[in-house]
Chemist: 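Sharing a structure, written as structure tokens. Questions coming.
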Amino acid sequence: DGSSLTPVIRDITLGVAAAHKVGDLMLIQSDGYADQVTSTTAEVTGVMMEAFAAGGITAGTTKGKMAIITRNQVWRCSMNATSTAFLVGYTKTIDTVDCNTVSATDSTGGAMILWDTGTDDEGNVLAYVVFSDTTFGNT
């Protein structure tokens with residue numbers, strides 16, 4: 001999204017038979033399989049690039065395309081107007097409610113930094129974020 005780093009897309013084995021949407025935040029777990037981020041985004045691995053119905057997944061076997069997140073990438077997402085109260089470059093711990101919802105009020109425990117905000121042609125609030133704690137970049 002305007003950053004100089006094009007995401008690498010890999011087939012990653014999914015660990016849970018759960019429905020996945022394009023754009024879901026994912027994290028590789030200790031078993032080596034990727035699961036959706038459930039609430040606090042302390043660390044992220046990637047973004048799902050294809051959708052799956054829960055019934056279409058065999059846990060530990062089915063592979064899905066995931067864009068790997070690295071620290072210098074800027075990612076675009078939508079958010080509600082309240083979230084724009086986060087200060088660009090200052091609020092370094094924006095959190096999520098689940099795998100595809102930015103929390104409007106939680107600025108502790110997360111791993112996103114607000115880079116910029118804007119609106120699309122339909123008036124939806126867009127945010128540009130950088131992930132500060134990524135699996136590939138975490139020491």
Chemist: Check whether any side-chain N or O of Gln36 sits under 3.5 Å from a backbone N or O of Ala19 as a donor-acceptor pair, and report yes or no.
Modeler: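 Yes; at least one donor-acceptor contact below 3.5 Å.
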Chemist: Is a side-chain donor or acceptor of Asp24 paired with a backbone partner of Met48 at a separation under 3.5 angstrom?
Modeler: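 Checked: no pair found.
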Chemist: Between NZ of Lys63 and CD1 of Ile57, what distance do you get to the nearest 0.5 Å?
Modeler: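 Rounded to the nearest 0.5 Å, the NZ-CD1 separation comes out at 14.5 Å.
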Chemist: Stepwise, does the side-chain contact (heavy atoms from CB on, under 4.5 Å) test hold for Gln73 with Thr134?
Modeler: CA-CA 11 Å; Gln73 294 167 326; Thr134 63; over 6 Å; no
Chemist: Could you give the distance from CD1 (Ile113) to CG (Leu87), rounded to the nearest 0.5 Å?
Modeler: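 So the CD1 of Ile113 and the CG of Leu87 are separated by 12.5 Å.
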Chemist: As an exercise, state the distance from CE of Met112 to CH2 of Trp75, rounded to the nearest 0.5 Å.
Modeler: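 Output value for this atom pair is 13.0 Å.
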Chemist: For His20 and Leu14: C-alpha separation, side-chain torsions, deciding distance, then whether side-chain contact (heavy atoms from CB on, under 4.5 Å) applies.
Modeler: CA-CA 10 Å; His20 295 287; Leu14 303 174; 3.9 Å; yes
Chemist: Measure across Ala17 and Ala59 and return the closest heavy-atom pair with its distance rounded to 0.1 Å.
Modeler: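 Closest pair (atom of Ala17, atom of Ala59, distance): N-CB, 4.2 Å.
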Chemist: The test is side-chain contact (heavy atoms from CB on, under 4.5 Å); show your working for Leu27 and Thr45 and say whether it passes.
Modeler: CA-CA 5 Å; Leu27 175 64; Thr45 303; 3.6 Å; yes
Chemist: Applying side-chain hydrogen bond (donor to acceptor under 3.5 Å, both in side chains), can you list everything that pairs with Asp121, at least two apart in sequence or on another chain?
Modeler: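 So Asp121 forms no side-chain hydrogen bond (donor to acceptor under 3.5 Å, both in side chains) with any residue.
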Chemist: Same hydrophobic cluster for Ile12 and Phe52, using side-chain heavy-atom links shorter than 4.5 Å among ILVMFWY?
Modeler: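 Yes, Ile12 and Phe52 fall within the same hydrophobic cluster.
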Chemist: Is any side-chain heavy atom of Phe131 less than 4.5 Å from a side-chain heavy atom of Val44?
Modeler: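 Result yes, sub-4.5 Å side-chain heavy-atom pair found.
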Chemist: Tell me, do Ile94 and Val102 make a side-chain contact under 4.5 Å, heavy atoms counted?
Modeler: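 Yes, their side chains come closer than 4.5 Å.
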Chemist: How long is the straight-line distance from OH of Tyr33 back to OG1 of Thr62, given to the nearest 0.5 Å?
Modeler: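 Interatomic distance, Thr62 OG1 to Tyr33 OH, rounded to 0.5 Å: 11.0 Å.
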Chemist: Would Thr96 and Leu25 satisfy side-chain contact (heavy atoms from CB on, under 4.5 Å), going step by step from the backbone distance to the final call?
Modeler: CA-CA 10 Å; Thr96 57; Leu25 289 177; 4.0 Å; yes
Chemist: A side-chain contact here means heavy atoms from C-beta on lying under 4.5 Å apart; do Val88 and Trp115 qualify?
Modeler: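 When only atoms from C-beta onward are counted, Trp115 and Val88 do not touch, as no gap falls below 4.5 Å.
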Chemist: Just how far is it from atom CD of Gln29 to atom CE of Met26, taken to the nearest 0.5 Å?
Modeler: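 The CE atom of Met26 is 9.0 Å from CD of Gln29, to the nearest 0.5 Å.
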Chemist: With no hydrogens and no angle check, do the side chains of Glu43 and Thr135 hold a donor and an acceptor under 3.5 Å apart?
Modeler: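 Looking only at side-chain atoms, Thr135 and Glu43 do form a donor-acceptor pair, the distance falling under 3.5 Å.
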Chemist: Do Val47 and Ile69 have side chains that approach each other closer than 4.5 Å (heavy atoms only, starting at C-beta)?
Modeler: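 When only atoms from C-beta onward are counted, Ile69 and Val47 do touch, with a gap below 4.5 Å.
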Chemist: Just so I know, are the side chains of Cys77 and Tyr128 near enough to count as touching, which here means a heavy-atom distance under 4.5 Å?
Modeler: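 No, too far: nothing below the 4.5 Å cut-off.
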Chemist: Taking Thr117 for the side chain and Leu126 for the main chain, is one N or O donor matched with an acceptor at less than 3.5 Å?
Modeler: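 No, because the side chain of Thr117 does not come within donor-acceptor range (under 3.5 Å) of the backbone of Leu126.
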Chemist: Tell me every residue that passes salt bridge (charged side-chain N to carboxylate O under 4.0 Å, His left out) with Lys65, counting only those two or more places apart in sequence or in another chain.
Modeler: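 In terms of salt bridge (charged side-chain N to carboxylate O under 4.0 Å, His left out), with neighbours along the sequence ignored, Lys65 is linked to Asp11.
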